[in-house]
Amino acid sequence: MVGHLNLILRLAIWFLLTADFSLANIIIGLTIAFLLPGRHATPEALKDWLRVLGEILVAIPQAYIEAFEIIFRPHKYEEITMERVKSGRTPGLIFLDIFLITFTPKTVVLKYHEDGWYEVHQVRRRRKS
């Protein structure tokens, strides 16, 4: 099951990059998705995938709320924090974590450190005390 989710993620990224749904592009995308190396799936990975997909569904309304907050109540302060990557994350899950953090208007991942940290830029309404 996790292998299918990796394939779907790769195809989604391909279609987002190319914005072309012609038959030739679908064949090229499928070929690339199958040729990219992958990892062996574990039962824990499927649970992590489902958890992240649930978090993405929750992040959609949160993104709208944050956008309206920024419009109506300006955020003047910003900070850069380091967030720890959850243990045992596959590259696909790390990508989805970065997408989830960057999806909301108040946060963006500046850098992923190979030793297991995300560098996150946040805007805030008040200074943190």
Side-chain angles (χ1 to χ4, degrees):
M1 179 69 182
V2 175
H4 296 358
L5 291 173
N6 276 329
L7 179 69
I8 291 168
L9 177 64
R10 291 173 180 179
L11 281 174
I13 292 169
W14 176 256
F15 292 133
L16 285 171
L17 288 173
T18 61
D20 179 14
F21 293 102
S22 67
L23 181 61
N25 194 52
I26 292 171
I27 292 170
I28 292 169
L30 282 170
T31 304
I32 290 172
F34 280 118
L35 289 178
L36 288 173
R39 287 184 150 180
H40 297 289
T42 61
E44 295 83 25
L46 177 60
K47 191 186 314 178
D48 288 338
W49 270 91
L50 294 175
R51 185 177 302 124
V52 168
L53 292 175
E55 290 173 4
I56 288 173
L57 291 176
V58 170
I60 294 170
Q62 178 186 350
Y64 280 102
I65 292 168
E66 287 184 10
F68 285 116
E69 282 180 0
I70 291 173
I71 291 169
F72 295 116
R73 297 179 0 197
H75 292 56
K76 298 179 182 175
Y77 302 103
E78 56 188 78
E79 66 182 9
I80 295 177
T81 59
M82 299 294 282
E83 291 187 16
R84 190 88 163 122
V85 176
K86 296 173 186 160
S87 62
R89 298 304 246 189
T90 63
L93 287 172
I94 290 172
F95 171 80
L96 286 176
D97 285 342
I98 291 171
F99 172 78
L100 187 63
I101 293 169
T102 304
F103 184 72
T104 56
K106 292 184 181 182
T107 57
V108 65
V109 175
L110 298 175
K111 184 173 183 175
Y112 166 68
H113 297 274
E114 294 293 327
D115 56 348
W117 293 90
Y118 301 123
E119 195 171 321
V120 180
H121 176 268
Q122 295 178 316
V123 293
R124 296 191 176 274
R125 191 148 187 265
R126 298 185 185 118
R127 283 191 191 266
K128 204 172 190 179
S129 29

A.B. asks: Can you list everything that forms a salt bridge (Lys or Arg N to Asp or Glu O under 4.0 Å) with Arg51? Sequence neighbours excluded, please.
C.D. replies: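 Arg51: salt bridge (Lys or Arg N to Asp or Glu O under 4.0 Å) contacts with Asp48.
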A.B. asks: What residues form a salt bridge (Lys or Arg N to Asp or Glu O under 4.0 Å) with Lys111, not counting sequence neighbours?
C.D. replies: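 Once residues adjacent in sequence are excluded, Lys111 has no partner under the salt bridge (Lys or Arg N to Asp or Glu O under 4.0 Å) criterion.
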A.B. asks: Listing request: all salt bridge (Lys or Arg N to Asp or Glu O under 4.0 Å) pairs with a residue in residues 53-66, at least two apart in sequence or in separate chains.
C.D. replies: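 Qualifying pairs, neighbours excluded: Glu55-Lys86.
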A.B. asks: Sort and list the pairs that fulfil salt bridge (Lys or Arg N to Asp or Glu O under 4.0 Å) and have at least one residue in residues 26-35, not counting sequence neighbours.
C.D. replies: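 The answer is none; no pair qualifies.
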A.B. asks: A quick test of your reading: do over 12 heavy atoms of other residues, nucleotides or ligands sit less than 6.0 Å from CZ of Arg126?
C.D. replies: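 No.
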A.B. asks: For a quick test of reading the model, state the closest non-hydrogen atom pair linking Leu7 to Ala33 and the distance between them.
C.D. replies: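 Result for this residue pair: CD1-CB, 3.4 Å.
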A.B. asks: Check whether any side-chain heavy atom of Thr81 lies under 4.5 Å from a side-chain heavy atom of Gln122, and answer yes or no.
C.D. replies: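 When only atoms from C-beta onward are counted, Gln122 and Thr81 do touch, with a gap below 4.5 Å.
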A.B. asks: To the nearest 0.5 angstrom, please state how far the CG atom of Leu9 sits from the CG atom of Leu53.
C.D. replies: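 Between Leu9 CG and Leu53 CG, I get 9.5 Å after rounding to 0.5 Å.
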A.B. asks: How would you list, by chain and number, every residue that makes a side chain to side chain contact (heavy atoms under 4.5 Å, CB included) with Ser87, sequence neighbours excluded?
C.D. replies: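 Testing Ser87 for side chain to side chain contact (heavy atoms under 4.5 Å, CB included), a comparison that skips the adjacent residues, returns none.
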A.B. asks: Could you pull out all residues at least two apart from Phe21 that satisfy side chain to side chain contact (heavy atoms under 4.5 Å, CB included)?
C.D. replies: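 For Phe21, the residues satisfying side chain to side chain contact (heavy atoms under 4.5 Å, CB included) (neighbours in sequence not counted) are Phe15.
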A.B. asks: Shared ILVMFWY cluster between Val108 and Ile80, side chains joined below 4.5 angstrom?
C.D. replies: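 Result: yes, single cluster for both.
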A.B. asks: Between Glu83 and Thr107, is any pair of side-chain heavy atoms under 4.5 Å apart?
C.D. replies: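 When only atoms from C-beta onward are counted, Thr107 and Glu83 do not touch, as no gap falls below 4.5 Å.
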A.B. asks: Any heavy-atom pair between the side chains of Thr18 and Ile28 that's under 4.5 Å?
C.D. replies: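 No, too far: nothing below the 4.5 Å cut-off.
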A.B. asks: In chain order, what residues pass the side chain to side chain donor-acceptor pair (under 3.5 Å) check against Asp20, with sequence neighbours excluded?
C.D. replies: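 Checked Asp20 against side chain to side chain donor-acceptor pair (under 3.5 Å); matches are Ser22.
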A.B. asks: Name all pairs fulfilling the ring-ring contact (aromatic ring centres under 6.0 Å, His included) condition that reach into residues 54-103, sequence neighbours left out, sorted by first residue then second.
C.D. replies: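 Every ring-ring contact (aromatic ring centres under 6.0 Å, His included) pair that includes a residue of residues 54-103, provided the two are not neighbours, is Phe99-Phe103.
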A.B. asks: Which heavy atom of Pro105 sits nearest to which heavy atom of Ile70, and what is that distance?
C.D. replies: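 Reported closest heavy-atom pair: CB-CD1, 3.9 Å.
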A.B. asks: For the atom pair CD1 (Ile32) and CG (Asn25), what is the distance rounded to the nearest 0.5 Å?
C.D. replies: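 Atom-to-atom, Ile32:CD1 and Asn25:CG are 8.5 Å apart.
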A.B. asks: Please go through Val109's hydrophobic cluster and name the other residues, only I, L, V, M, F, W, Y counting, with side-chain heavy atoms under 4.5 Å joining them.
C.D. replies: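 Hydrophobic cluster check, Val109: joined to Val85, Ile94, Ile98, Ile101, Tyr112, Tyr118, Val120.
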A.B. asks: State, to 0.1 Å, how close Asp115 and Arg84 come at their nearest heavy-atom pair, and which atoms those are.
C.D. replies: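 Where Asp115 meets Arg84 most closely, the heavy atoms are O-NH1, 3.4 Å.
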A.B. asks: Does any N or O in the side chain of Trp14 come within less than 3.5 Å of the main-chain N or O of Leu30, such that one atom is a donor and the other an acceptor?
C.D. replies: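 Side chain of Trp14 to backbone of Leu30: no pair is present.
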A.B. asks: Leu57: what forms a side chain to side chain contact (heavy atoms under 4.5 Å, CB included) with it, not counting sequence neighbours?
C.D. replies: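 Partners of Leu57 under the side chain to side chain contact (heavy atoms under 4.5 Å, CB included) test: none.
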A.B. asks: Sequence neighbours left out, what passes side chain to side chain contact (heavy atoms under 4.5 Å, CB included) with Ile27? Give chain and number order.
C.D. replies: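 With neighbours one apart ignored, the set is Leu23, Thr31.
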A.B. asks: Measuring from atom CD1 of Ile60 to atom OG1 of Thr104, what distance do you get when rounded to the nearest 0.5 angstrom?
C.D. replies: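 It is 12.0 Å, given to the nearest 0.5 Å.
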A.B. asks: What salt bridge (Lys or Arg N to Asp or Glu O under 4.0 Å) pairs are there with at least one residue in residues 67-79, not counting sequence neighbours?
C.D. replies: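 Residue pairs passing salt bridge (Lys or Arg N to Asp or Glu O under 4.0 Å), neighbours aside: Glu69-Lys106, Glu79-Arg124.
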